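Beneath this line is the structure, given in structure tokens, with notes to follow.
The first residue in the sequence is number 1, and the count goes up from there. Being a predicted model, the structure only gives us computed values, none of them experimental.
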Amino acid sequence: MSIKHWPEQERPREKLIQQGAGALSDSELLAIFLRTRTQGISAVELARQVLTQFGGLRSLMSASREEFCQGFGLGDAKYTQLQAVLEMSKRHLQEQLMRETVFTSAEHVRTYLSSQLRHSPREVFAVLFLDTQHRLIRYQELFMGTIDAAAVYPREVVKAALQYNAAAVILAHNHPSGIAEPSQADISITDKIKRALDLVDVRLLDHFVVGDGSPVSLAERGLV
């Protein structure tokens with residue numbers, strides 16, 4: 001049955017307007033993005049089939065162009081539309097951080113880092129460079145590794161901090177497995193970078209590990 005024949009409170013668009021986007025399931029959100037029915041099935045049913053094929057929303061959003069376009073009812077038009085939506089979200093969050101003090105917007109920092117790193121199939125090590133008021137100067141991905149490791153050089157972090165005249169930095173990296181628990185290697189490299197930054201009077205505020213769910217803060221665990 002077409003979505004237009006559903007009860008109004010169950011239609012994804014009407015539900016979003018009345019209850020907010022957070023009230024929608026993954027398939028309902030994707031259905032709004034897909035918009036149209038295909039081969040006699042509703043957009044919601046199409047969304048469910050796509051999520052089943054990819055194994056979830058995270059895998060769909062991190063899929064390459066070739067992988068994405070192999071999905072049922074998908075193609076280049078939907079792929080470019082999705083990439084545009086993701087990039088707009090990243091830029092919106094970045095603009096917020098450039099206007100605000102990160103200490104008063106910790107959740108914005110977490111959300112921004114998740115949008116940047118959560119869907120990467122490889123491990124990425126990034127740095128937020130901050131001014132004296134702890135507002136964002138620049139976000140930069142400094143190192144990229146394999147699916148389970150990244151070579152991180154403290155001197156490159158220091159070099160970039162001096163280049164941007166940063167007063168403080170926040171480190172971040174993702175775990176492609178989705179498990180955000182910090183490893184001993186994560187703790188060790190954090191300490192090495194902190195000692196290197198201390199030599200040039202740049203503060204290391206935190207190191208976030210990004211996976212599924214909320215990024216884990218090493219500072220909150222007393223590890224910075």
Side-chain angles (χ1 to χ4, degrees), residues 58 62 86-120 122-224:
R58 182 172 183 264
S62 62
L86 292 174
E87 185 60 28
M88 284 192 294
S89 175
K90 292 176 183 179
R91 295 185 187 187
H92 168 66
L93 291 167
Q94 186 176 58
E95 287 177 5
Q96 285 183 309
L97 291 183
M98 294 181 78
R99 293 194 304 265
E100 299 173 354
T101 301
V102 297
F103 277 146
T104 62
S105 56
E107 288 309 308
H108 285 170
V109 175
R110 280 185 159 92
T111 301
Y112 176 69
L113 291 174
S114 291
S115 73
Q116 291 285 352
L117 298 173
R118 176 176 291 169
H119 304 297
S120 175
R122 295 190 297 169
E123 188 163 327
V124 178
F125 191 97
V127 184
L128 296 173
F129 297 97
L130 311 173
D131 65 15
T132 55
Q133 298 183 46
H134 296 157
R135 292 175 303 200
L136 181 65
I137 298 172
R138 185 179 179 89
Y139 165 88
Q140 185 170 351
E141 296 178 353
L142 286 181
F143 310 106
M144 300 190 70
T146 63
I147 196 168
D148 59 1
V152 177
Y153 302 98
R155 67 178 180 273
E156 294 299 324
V157 178
V158 172
K159 180 180 177 181
L162 294 175
Q163 176 186 350
Y164 299 124
N165 195 28
V169 303
I170 293 175
L171 309 176
H173 77 281
N174 65 312
H175 283 178
S177 66
I179 301 173
E181 191 64 27
S183 67
Q184 188 56 49
D186 296 337
I187 298 170
S188 177
I189 193 61
T190 301
D191 182 62
K192 290 178 181 179
I193 292 174
K194 183 178 186 300
R195 286 189 278 112
L197 289 169
D198 284 343
L199 296 175
V200 293
D201 199 27
V202 176
R203 291 186 60 197
L204 173 59
L205 302 181
D206 208 338
H207 184 172
F208 286 94
V209 182
V210 179
D212 292 336
S214 180
V216 172
S217 162
L218 271 67
E220 290 178 356
R221 295 193 177 187
L223 298 173
V224 174

Quick check on Ile179: does its CD1 atom have over 12 non-hydrogen neighbours (other residues, nucleotides or ligands) under 6.0 Å away?
no
May I ask you to test the Gln116-Glu141 pair for a side-chain heavy-atom distance under 4.5 Å?
yes
Side chains of Tyr153 and Leu142: closer than 4.5 Å at any heavy-atom pair?
no
Strictly distance-based, threshold 3.5 Å: is any side-chain N or O of Ser115 a donor or acceptor partner for the main-chain N or O of Tyr112?
yes
Taking the side chain as C-beta and beyond, is there a heavy-atom pair between Val158 and Val202 under 4.5 Å?
no
Per side chain to side chain contact (heavy atoms under 4.5 Å, CB included), His173 is matched among Asp186, Val152, Ile189 by Asp186
Residues Tyr139, Ile170; criterion side chain to side chain contact (heavy atoms under 4.5 Å, CB included); working and verdict:
CA-CA 10 Å; Tyr139 165 88; Ile170 293 175; over 6 Å; no
Output the distance between atom CG (Leu171) and atom CG (Leu197), rounded to the nearest 0.5 Å.
7.5 Å
Separation between CZ of Arg221 and NE2 of His207, rounded to the nearest 0.5 Å
12.5 Å
Identify the two heavy atoms, one from Arg110 and one from Pro215, that lie closest to each other, and give their separation to 0.1 Å.
NE-O, 3.1 Å
Would a 4.5 Å heavy-atom cut-off, applied to side chains only, mark Pro154 and Arg195 as touching?
no
Note, Phe208 side chain near Glu220 side chain (heavy atom, < 4.5 Å)
no
Is the backbone of Ala219 close enough, under 3.5 Å, to the side chain of Asp206 for a donor and an acceptor to pair up by distance?
yes
Between Met144 and Arg122, the two heavy atoms sitting closest are CE-NH2, 3.0 Å
Measure the shortest side-chain to side-chain distance between Leu130 and Leu136 over non-hydrogen atoms and say whether it is less than 4.5 angstrom.
yes
What is the ring orientation for Tyr164 with Phe129, classed by angle as parallel under 30°, tilted 30 to 60°, or perpendicular over 60°?
tilted
Please find the pair of heavy atoms, one from Ile137 and one from Ala166, that lie closest to each other, and give the distance.
CD1-CA, 4.1 Å
Applying side chain to side chain contact (heavy atoms under 4.5 Å, CB included) to Glu123 and Asn174, what does each step give before you reach the verdict?
CA-CA 6 Å; Glu123 188 163 327; Asn174 65 312; 4.1 Å; yes
Return the minimal non-hydrogen interatomic distance between Val210 and Leu117, and the atom names on each side.
CG2-CD1, 4.1 Å
Quick one: pull up CZ in Arg118 and OG1 in Thr111 and give me the separation to the nearest 0.5 Å.
8.5 Å
Rounded to the nearest 0.5 Å, how far apart are CG of Leu218 and CG of Leu223?
5.0 Å
Val127 side chain reached by Gln140 side chain, heavy atoms, under 4.5 Å:
no
